[in-house]
Amino acid sequence: MMRFQPPPPSLFSPEVPLSDAVCRYFRVKHRDMVYLKFILEAYEGMNTMSTVDNVAGIIRIAIMPGFVEEMDELLAELGARVTMEPVAWEDQSGE
């Protein structure tokens, strides 16, 4: 009987711990969260977006090493379309 073997990591599914990622935090309107998530998911392997405070509308965008410049350019472009207020955030999750 063959056992399942996960595929090896690749550029599009890096095994990078969040501690190695560059995190950017923004306050956004709730209606824009889904739009941003949809756009950012198209850049698979370059970033992850998560909500850290749903009440205040704070999101975290964790940028994988090697993609900071490209993602900063994308975030600047997205900031021209939706209101994204950069905020300081102390990560309290222990990640």
Side-chain angles (χ1 to χ4, degrees):
M1 181 160 111
M2 294 184 66
R3 293 183 55 191
F4 173 74
Q5 293 288 330
S10 72
L11 175 64
F12 298 106
S13 62
E15 304 264 341
V16 178
L18 185 58
S19 60
D20 291 347
V22 174
C23 294
R24 305 267 194 267
Y25 296 87
F26 299 93
R27 177 175 284 115
V28 299
K29 294 178 182 171
H30 287 92
R31 68 173 186 237
D32 294 330
M33 286 183 183
V34 174
Y35 171 75
L36 290 170
K37 183 84 170 167
F38 178 77
I39 297 298
L40 292 171
E41 281 183 351
Y43 293 85
E44 183 179 350
M46 294 176 69
N47 73 91
T48 60
M49 183 191 121
S50 55
T51 304
V52 294
D53 186 333
N54 192 43
V55 174
I58 308 295
I59 62 169
R60 174 182 62 212
I61 300 172
I63 305 167
M64 300 303 120
F67 296 108
V68 175
E69 185 177 324
E70 293 89 346
M71 288 305 301
D72 282 344
E73 290 175 11
L74 175 62
L75 292 172
E77 184 67 31
L78 288 170
R81 291 172 164 65
V82 299
T83 302
M84 298 174 60
E85 176 188 347
V87 295
W89 184 266
E90 183 71 28
D91 189 3
Q92 300 162 355
S93 68
E95 292 180 351

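We're numbering straight along the sequence, starting at 1.
- Considering only heavy atoms from C-beta on, Met64 stays 4.5 Å or farther from Asn47 through its side chain.
- Annotation: the span from Lys29 atom NZ to Tyr35 atom OH amounts to 14.0 Å, rounded to 0.5 Å.
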Tell me which donor-acceptor pairs under 3.5 Å the side chains of residues 77-86 have, and how far apart each pair is, sequence neighbours excluded?
{"unit_1": "Glu77", "atom_1": "OE2", "unit_2": "Arg81", "atom_2": "NH1", "d": "2.5"}

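- Side-chain contact check for Ile61 versus Phe26: some heavy-atom pair is nearer than 4.5 Å.
- Of the options Leu74, Ile63, Thr48, a side-chain contact (heavy atoms from CB on, under 4.5 Å) to Tyr43 is made by Leu74 and by none of the others.
- Legend: residues meeting salt bridge (Lys or Arg N to Asp or Glu O under 4.0 Å) with Asp72, ordered by chain and number and at least two apart, are Arg24.
- Of all heavy-atom pairs between Pro65 and Ala21, the closest is CD-CA, 4.5 Å.
- In Lys37, the NZ atom is crowded: over 12 heavy atoms of neighbouring residues, nucleotides or ligands sit closer than 6.0 Å.
- Val34 and Met49 end up in different hydrophobic clusters when Ile, Leu, Val, Met, Phe, Trp and Tyr side chains are linked at under 4.5 Å.
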Donor-acceptor pairs under 3.5 angstrom involving side-chain atoms of residues 50-57: please list them, not counting sequence neighbours.
{"unit_1": "Ser50", "atom_1": "OG", "unit_2": "Arg60", "atom_2": "NH2", "d": "3.1"}
{"unit_1": "Asp53", "atom_1": "OD1", "unit_2": "Val55", "atom_2": "N", "d": "3.1"}
{"unit_1": "Asp53", "atom_1": "OD1", "unit_2": "Ala56", "atom_2": "N", "d": "3.0"}

